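Data block below; observations after.
Numbers here simply count residues along the sequence, with the first being 1. First listed ligand is number 1; within each ligand, the first listed atom is number 1. All values reported here derive from a predicted model rather than from experimental measurement.
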Amino acid sequence: MSDIEIAQANERTEMLPITKVAETIGLTPDDLELYGKAKAKLSYPTLKRLAEKKPGKLVLVTSINPTPAGEGKSTVTIGLGDALNLRHQNAVIALREPSLGPVMGMKGGATGGGYSQVVPMEDINLHFTGDMHALTTAVDTLAALIDNHLQQGNALNIDPRRITWNRVLDINDRSLRHTVIGVGGATSGVPRENSFDITVASELMAVLCLSKNMHELKARISNIVIGFTYDRKPVTVADLEVTGAIAMLLKDALKPNLVQTLAHTPTLIHGGPFANIAHGCNSVLATQTALALGNIALTEAGFGADLGAEKFMDIKTPVLGKTPDAVVIVATVRALKYNGGQPLKELTTENLDALKNGFKNLKKHIENMQRYGRPVLVAINQFVSDTQAELDALIKACADLGVQAFASDVWGQGGKGALPLADALVAALDQPGEFKPLYDVNKPVKDKILTIVQKIYGGADVVYDHKAELALKTIAQNGWDHLPICMAKTQYSLSDDPKALGAPTGFTMHVRDIQPKLGAGFLVVLTGSVLTMPGLPKRPAAMNMDVSDDGVISGLF
Ligand code: ADP
């Protein structure tokens, strides 16, 4: 059965009313704002109350560098949550919201797969509770207000060529990457170049994900720099006097969404920045709430540990105020073989040499995560094509590094497929050890970037384009150097070259530009050719999708 068929069968017969799921973690109907029977947002008073509660243990799920199909991080996170609850551990999951870009494009949704999924799967992957639409509207409202300011006399002296606030759309639409707007004469706006990003890359998504309440959300929104004046002074949302309007549009989007896994594990799905072009973690509020409601909160960070997990550690945890108690790295035999040089089309054929060669990618991610000072376990997300010899070889290679690895078939069996991993994880959570951040945020910007490149990516040096050097000057002049770094980099390689698989070393990273994001509170460092508005592939997943006359969806993975 396909993912959607499994999910739909569950939704028809087994899915519980969300009020019942909420009950299992001590929430009453008063705590919930219902969106139909199976989805709810948590109310502001409830969130405030939960923020005061002692947090449970925090588990970060991350992965090796993925193949283009994804390696099953969400699937493992969900299955592991179910496994922990089969062991009566009171686990609550926090995940990112899917973006329609990958849903229509190639990778698929973000609701897991097989017998480790969250439901209602179609709703979550499509419009869910409207958070993405609210964000898109809020970003574009701000853009409209900026252009109206130019039209109405430009009292703030904004230089139209230096506006950095882009419009967004939650769809991969390459033809909107570079546009010219405001043509059509004096009544149709001031002509200028404008770009569109995908919604999940926008600073407002990061702002939403890093705000713990409305007060913080407003403070962050007011700090957003939307561009510069003719005399190069930054212009903020506060200068435009529209903080309240933008925050108002996000009033409901700020509240985390509660759903359930196929096995009824409570799951908060909220906020969904990509990890290659943004900071890659679900909202701080969702993780904080999962920590308050569960004895164990499981959360994931996007793409490989070089991207999502590094940003989780160095950007999200200082805001969350809680560091992970353990890290689980998801690896697959097929992705390691891909990293070891086996072509994408041949990944289902046994190849112990390619596996051995590609293991260096997992080894590097293990070392990187161990650097942060907490226990690291490996979850081998089992595929039907994996051979016993391959699984044994991988478990042994991890054991040789002193790391426990478990073949886990959560896709085929749900939580039952990950019980040994769950037991080992519970034991690991109590291991002593201090969390150590990667870098001191007060160091100069170039030092922080070099630390990430050398320590996490394995590179030797960094070169900066002229545009990046100019950005560094602006950052220094405005005193923004103390902010953490959010690298924008390909997810396929530890380097900035998507074709350099395995564990490349000695390379030089190319920094094209550095964008200060004062609302989010980080500096986005653009490397290689990574794009903030992706394109669709030759045969988009959209071509497989349909909806019946009765409103039943098919082909959504
Ligand atoms: P990630 O979180 O790493 O991006 P996902 O968990 O979203 O990956 O999974 C990506 C796709 O791979 C999903 O369509 C899922 O059904 C599929 N998948 C995941 N694990 C397995 C597995 N063990 N066997 C087969 N398909 C899988």
Show which atoms of ligand 1 fall inside a sub-4.0 Å distance from at least one heavy-atom site of [X].
{"X": "E71", "result": "3 (O), 8 (O)"}
{"X": "G72", "result": "1 (P), 3 (O), 5 (P), 6 (O), 8 (O), 9 (O), 19 (C)"}
{"X": "K73", "result": "1 (P), 2 (O), 3 (O), 6 (O), 8 (O)"}
{"X": "G113", "result": "15 (C), 16 (O)"}

What part of W411 sits under 4.0 Å from ligand 1 if we count only heavy atoms: the side chain, the backbone, both or neither?
side chain

Compare S74, P66, P98, S2 and give the one whose heavy atom is closest to atom 2 (O) of ligand 1.
S74

Donor-acceptor pair between [X] and [Y] side chains, under 3.5 angstrom:
{"X": "T261", "Y": "T267", "value": "no"}
{"X": "N361", "Y": "K364", "value": "no"}
{"X": "T265", "Y": "D82", "value": "yes"}
{"X": "S99", "Y": "D170", "value": "yes"}

Hey, is ligand 1 close enough to T75 that some N/O pair sits below 3.5 Å?
yes

In this structure, CD1 of I269 is separated from CG of N257 (nearest 0.5 Å) by 8.0 Å

For G56 and K322, which heavy atoms make the closest approach, and how far apart are they?
O-CE, 3.3 Å

Closer than 4.0 angstrom: is that true for some heavy atom of F383 and an atom of ligand 1?
yes

